[in-house]
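Everything on this sheet refers to the single structure shown next.
Every chain is numbered from 1 and lettered A, B, ... according to where its sequence line falls, protein lines coming before strand lines. All figures in this text were calculated on a predicted structure; none of them were measured in a lab. Atoms considered below: every heavy atom in the structure, side chains included; atoms not considered: hydrogens, waters and symmetry mates.
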Protein chains: 2
Amino acid sequence: MKNTDKREEIMRAALELIAEHGFHGAPMAMIADKAGVGAGTIYRYFEGKDALITELYRELEGKLLAYLQEGYSAADPTRERFLHVGAAVLRYFIASPLHFLYMEQYMNSPFGIALKRDRLLGQSDEGDLFFKSIFEEGMAQKVLKELPIFVHFALTFGPLIVLIRDHILGLISLDDARIMQITEASWDGVKR
Amino acid sequence: MKNTDKREEIMRAALELIAEHGFHGAPMAMIADKAGVGAGTIYRYFEGKDALITELYRELEGKLLAYLQEGYSAADPTRERFLHVGAAVLRYFIASPLHFLYMEQYMNSPFGIALKRDRLLGQSDEGDLFFKSIFEEGMAQKVLKELPIFVHFALTFGPLIVLIRDHILGLISLDDARIMQITEASWDGVKR
DNA sequence: CGCGACAGAATGAACGTTCGTTCTCGTATA
DNA sequence: TATACGAGAACGAACGTTCATTCTGTCGCG
């Protein structure tokens, strides 16, 4: 159990520092300090900085997907499922701003670009399938516009990403009512 | 005129290297090499790396705004103006992918966050006013949803940003027909 | 006593920036 | 026109700093 303890402390420290100061503003020595371990200890748990960064991303992504599944029923109508997922994304990241800042940085870095490329070219994993099914069934039932999946993705998540960032930076404030407005407006963008 | 030559060579080199490899993947020595000047020469034209980065951003932003104004008429109906600007943004960045990659990186860095904060808190400059007027007049005429300006911003530009990046990374391909579809879908998101 | 886990000092590479030197070219002089 | 000069422009080696990673000695537990 000791192993797990230190490992988690390191990841927690890395999350906070990288989310707030970026990959290049979070030296290994600083992460070690914040985690309460020696600099060399990190290398007992992770192969190097890159491995630490990637493993942390995978963990955060897992947590997000788990949250999105809560209260989600594949039997619901397309519109309900869309609104559920959209609002859940907003709520999750507003509650966990560090997760958002970290995941966004990862996605905008060479790491994320490689990951995205892999997923688009190779077979998609569970996370992608989860979203894809909403759009595909929606189009089959003629309630969604006939558009490529990636356009639906962009119309749905593009606005959310911008708004979450602005909220986290303190430029604006999103409450529950506004979350509903936003999710419904983005539904208007994809619906027929 | 010689002065201008070197200065522009430096900016061109910085644009290419930073757009492709990021701020931290483009050392001053590499920028100097690509520009065909000595490393020290850069410091005759720019106070330091930060100043170079910021001045380059300002220049690119100016070019984008100039392009958006082409063929734009404040007298047109809200819908026409919206579609004009949306399609123009897509076309501009597809034609100038380096500009997009650079501006996006800048916006996702401490530089851009500070800039955004300044603009939201201080008085907005011409660029902001240009967009704002479309949304404000649209709401006054009851053709747009009654939403805060920043939500309109996000609904409009959020999808475009995601799609432009995917296009530039070669994950998807946007032709003229698709550009129209996308712009109109994003109009559906903001219209009443 | 022995061994694995650990902290922190040591290492070497890479970076932004500085600075002494060299080059360029317009002007003054005869 | 030919020559000498000087000032500003340019170069690139060198510096100090910062970083990821490795090395080394120590401590605690069985």
What donor-acceptor contacts under 3.5 angstrom involve side-chain atoms of residues 82-92 of chain B, with partners at least two apart or in another chain?
unit_1 : atom_1 : unit_2 : atom_2 : d
B/H84  : NE2    : B/L68  : O      : 3.2
B/H84  : NE2    : B/E70  : O      : 3.1
B/R91  : NH1    : B/Y67  : OH     : 2.8
B/Y92  : OH     : B/H99  : ND1    : 2.8

Closest heavy-atom contact between [X] and [Y]?
X	Y	value
A/N108	B/R165	OD1-NH1, 2.7 Å
B/R81	B/S133	NH1-OG, 4.2 Å
B/Y102	B/L52	OH-O, 4.4 Å
A/L174	A/H167	N-ND1, 2.9 Å

Whole angstrom value for the distance that separates [atom2] of [N] from [atom1] of [X]:
X	N	atom1	atom2	result
B/I31	C/dC15	CD1	P	11 Å
B/I42	C/dC15	CD1	C1'	13 Å
B/R44	D/dA10	CZ	P	6 Å
B/K34	D/dC11	NZ	P	17 Å
A/H21	D/dC19	NE2	C1'	17 Å
A/I10	D/dA20	CD1	C1'	15 Å
A/M30	D/dT21	CE	C1'	17 Å
A/F46	D/dT22	CZ	C1'	18 Å

Partners passing side-chain contact (heavy atoms from CB on, under 4.5 Å) against [X] (at least two apart in sequence or in another chain):
X	result
B/I113	A/L169, B/R117
B/S73	B/A75, B/D76
B/E55	B/R7, B/M11, B/F46, B/A51

Could you list, one pair per line, each protein nitrogen or oxygen that sits under 3.5 Å from a nitrogen or oxygen of nucleotides 17-19 of chain C, together with the distance?
unit_1 : atom_1 : unit_2 : atom_2 : d
C/dT17 : OP2    : B/Y43  : OH     : 2.6
C/dT17 : OP2    : B/K49  : N      : 3.0
C/dT17 : O5'    : B/Y43  : OH     : 3.3

**Message:** Any non-hydrogen side-chain atom of A/L64 less than 4.5 Å from a side-chain atom of A/F93?
**Reply:**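 Answer yes - side chains close enough.
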
**Message:** Regarding B/G25, tell me which of base, sugar-phosphate or nothing describes its non-hydrogen contacts under 4.0 Å with the strands shown.
**Reply:**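 It contacts nothing in the nucleic acid.
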
**Message:** Can you tell me if A/K6 touches the phosphate of C/dC6, counting only side-chain N or O atoms and a distance under 4.0 Å to OP1 or OP2?
**Reply:**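 The answer is yes; a side-chain N or O of A/K6 sits under 4.0 Å from OP1 or OP2.
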
**Request:** Check whether any side-chain nitrogen or oxygen of B/Y45 sits under 4.0 Å from OP1 or OP2 of D/dA10, and answer yes or no.
**Result:**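 The answer is yes; a side-chain N or O of B/Y45 sits under 4.0 Å from OP1 or OP2.
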
**Prompt:** What salt bridge (Lys or Arg N to Asp or Glu O under 4.0 Å) pairs are there with at least one residue in residues 147-164 of chain B, not counting sequence neighbours?
**Reply:**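 Qualifying pairs: none.
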
Listing, residues 147-163 of chain B side-chain donor-acceptor contacts under 3.5 Å, not counting sequence neighbours, or none:
unit_1 : atom_1 : unit_2 : atom_2 : d
B/H152 : NE2    : B/K145 : O      : 3.0
B/T156 : OG1    : B/H152 : O      : 2.7

**Asked** Among D/dC11, C/dC15, D/dA9, which is the nearest nucleotide to the side chain of B/P27?
**Response**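 Of all the options, the side chain of B/P27 is nearest to C/dC15.
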
**Request:** Please report how far the helix from C/dC1-D/dG30 to C/dA30-D/dT1 bends, comparing the axis fitted to its first five pairs with the axis fitted to its last five, to the nearest 10 degrees.
**Result:**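 Both end axes considered, the difference amounts to 10°.
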
Sub-3.5 Å pairs of nitrogen or oxygen atoms, protein against nucleotides 25-28 of chain D:
none

**Item:** Spatial distance of atom CD (A/E80) from atom OG1 (A/T78) [nearest 0.5 Å]
**Value:**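 The OG1 atom of A/T78 is 9.5 Å from CD of A/E80, to the nearest 0.5 Å.
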
Only pairs under 3.5 Å count here: list side-chain donor-acceptor contacts from residues 179-186 of chain B, not counting sequence neighbours, and write none if there are none.
unit_1 : atom_1 : unit_2 : atom_2 : d
B/Q181 : OE1    : B/R178 : NH1    : 2.9
B/T183 : OG1    : B/I179 : O      : 2.6

Anything under 3.5 Å between a donor and an acceptor, one on a side chain of residues 23-41 of chain B, the other on a protein residue two or more places apart or in another chain? List them.
unit_1 : atom_1 : unit_2 : atom_2 : d
B/K34  : NZ     : B/E16  : OE1    : 3.3
B/T41  : OG1    : B/G38  : O      : 3.4

**Message:** Let's see if you get this right: which residues in residues 103-114 of chain A place a heavy atom under 4.0 Å from DNA chain C?
**Reply:**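 None, since no heavy atom is under 4.0 Å.
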
